[in-house]
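This report concerns only the one structure given below.
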There are 2 protein chains.
Amino acid sequence: MAGAAEPKQDVFQAIADPTRRRLLRLLDGGEQPVTALSGHFPISRTAVSKHLRILQDAGLVHERKVGRETRYRLDAEPLLELKRWLAYYERYWENKLGALKRFVEDEEAAE
Amino acid sequence: MAGAAEPKQDVFQAIADPTRRRLLRLLDGGEQPVTALSGHFPISRTAVSKHLRILQDAGLVHERKVGRETRYRLDAEPLLELKRWLAYYERYWENKLGALKRFVEDEEAAE
DNA sequence: TTGACGCGAAACCTTAAGGTTTCATATAAT
DNA sequence: ATTATATGAAACCTTAAGGTTTCGCGTCAA
């Protein structure tokens, strides 16, 4: 079967930009067209559009044309690579930072 | 008490560069001086030194002068921010991507 | 059909990122 | 004392990143 294909852009790179991280969050609320998204930023629609392209090249979002608009949808799957990368360092805070770990978990629970 | 201080550089930004991610991995083996580290890269020692400074500004490494050398040590703690950010999307692969999740876990186990 | 809307492509600008080489300084070794 | 090591600061170069504005095209509404 087809399988992997998309790695045109690095995930780490893609999420490095705060605007792009925010876009992902916004899309968490569901599929949305470009203009709706760009309304949340102080930059031009075109600029937002470019960020969306980068996210798409990293496989984090997918577009779908509906009439005259292009709707973007979140795809969290590529974040698993990040999760795996992070897992490598997991032991650091499991072994040495027990107290801190508990603190963070409390934070997570409280959110 | 003192507490937080360092966020001179964004963690997401810091780990966006592959060279820097590799430096973190190398430091996982323990404290090391600049020259030892730079031996693993095709770039100049000075360039590596700059990457180390960026990692340090993000709190991911700490330096310690020993004689004429500067030894760098890994500090994984700032990665917790990344972990928390990621946790937000956790449900995506927990709810919708069960099969994929299992696949990845197998991958992790096999590694 | 005539507009208005929604969007991407192009061309262009500015600045930050990643690199390099050269130089100065502190510490170690002879 | 002299020489060799280890490293950061400076100055500089090139390219990619993030933005902007202008333009063209397909689509929906009057």
Side-chain angles (χ1 to χ4, degrees), chain A residues 6-27 29-75 78, chain B residues 6-27 29-75 78:
Chain A
E6 321 136 17
K8 269 179 60 188
Q9 271 270 339
D10 180 41
V11 179
F12 290 89
Q13 235 282 104
I15 64 162
D17 185 280
T19 297
R20 289 197 287 269
R21 288 200 297 276
R22 217 172 137 206
L23 276 170
L24 293 180
R25 275 294 184 101
L26 287 170
L27 286 173
E31 191 184 60
Q32 285 185 53
V34 181
T35 302
L37 290 168
S38 80
H40 296 81
F41 302 89
I43 63 180
S44 73
R45 175 186 50 76
T46 307
V48 172
S49 196
K50 282 195 202 168
H51 281 301
L52 286 167
R53 155 109 32 235
I54 291 173
L55 288 173
Q56 179 166 256
D57 288 347
L60 287 165
V61 303
H62 294 291
E63 65 174 52
R64 168 180 151 236
K65 306 257 182 186
V66 176
R68 59 185 159 185
E69 57 186 29
T70 306
R71 300 195 187 147
Y72 285 86
R73 166 178 62 79
L74 172 64
D75 180 356
Chain B
E6 319 138 17
K8 268 180 60 187
Q9 270 270 340
D10 179 42
V11 178
F12 290 90
Q13 234 286 101
I15 64 163
D17 186 281
T19 298
R20 289 195 288 268
R21 287 199 297 276
R22 219 173 134 205
L23 277 171
L24 293 181
R25 275 296 184 101
L26 286 171
L27 287 174
E31 191 183 60
Q32 285 184 54
V34 181
T35 301
L37 290 169
S38 81
H40 296 81
F41 302 89
I43 63 181
S44 73
R45 176 186 51 74
T46 307
V48 171
S49 196
K50 282 195 202 171
H51 281 300
L52 286 168
R53 155 111 28 236
I54 291 173
L55 288 172
Q56 180 166 257
D57 288 345
L60 287 164
V61 303
H62 295 290
E63 64 174 53
R64 170 181 149 236
K65 307 256 184 187
V66 175
R68 59 185 158 184
E69 58 187 27
T70 305
R71 298 194 189 149
Y72 285 87
R73 166 177 62 80
L74 172 63
D75 179 357

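Chain naming here is simple, since letters A, B, ... match the order of the sequence lines and numbering starts at 1 in each.
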> How would nucleotides 25-30 of chain C be written as a contact map, 5' to 3', with B for base contact, S for sugar-phosphate-only contact and - for no contact, using protein heavy atoms under 4.0 Å?
Replying inline: --BSS-
>> Please enumerate all residues that pass side chain to side chain donor-acceptor pair (under 3.5 Å) together with B:Arg53, with sequence neighbours excluded.
In response: none
> Pick the nucleotide of DNA chain C nearest each of A:Ala36 and B:Ile54; which residue has the one closer to the 5' end?
Replying inline: A:Ala36
> Do B:Arg20 and B:His51 have side-chain N/O donor and acceptor atoms under 3.5 Å apart?
Replying inline: yes
>> Suppose we screen for side chain to side chain contact (heavy atoms under 4.5 Å, CB included). Which residues come up paired with A:Arg21, at least two apart in sequence or across chains?
In response: A:Ile15, A:Pro18, B:Asp10, B:Phe12, B:Trp85
> Taking only residues two or more places apart in sequence, or in another chain, which ones meet B:Thr35 in a side chain to side chain contact (heavy atoms under 4.5 Å, CB included)?
Replying inline: B:Arg45
>> I want to check something: taking the side chain as every heavy atom from C-beta on, are B:Leu60 and B:Leu27 in contact at a cut-off of under 4.5 Å?
In response: no
>> So, taking the atom named CD in B:Glu63 and the one named CD in B:Glu69, what distance separates them when rounded to the nearest 0.5 Å?
In response: 12.5 Å
> What are the 5'-most and 3'-most nucleotides of DNA chain D lying under 4.0 Å from any heavy atom of chain A?
Replying inline: D:dA17 to D:dC28
> Any idea which heavy atoms bring B:Val11 and B:Ala58 closest together, and the distance?
Replying inline: CG2-O, 4.2 Å
> Hey, does A:Arg71 reach any base, or is it just sugar-phosphate, or nothing, if we go heavy atoms under 4.0 Å?
Replying inline: nothing
>> Using a heavy-atom cut-off of 4.0 Å across all strands, would you classify A:Arg45 as base, sugar-phosphate, or nothing?
In response: base
>> For A:Arg22, give me all partners under salt bridge (charged side-chain N to carboxylate O under 4.0 Å, His left out), at least two apart in sequence or on another chain.
In response: none
>> Whole angstroms only, please: what is the NZ-C1' distance between B:Lys50 and C:dT21?
In response: 11 Å
>> By nearest heavy atom, map A:Glu69 and A:Ser44 onto DNA chain D; which one lands nearer the 5' end?
In response: A:Ser44
> What nucleic acid atoms does A:Tyr72 come within less than 4.0 Å of, heavy atoms only: base, sugar-phosphate, or nothing?
Replying inline: sugar-phosphate
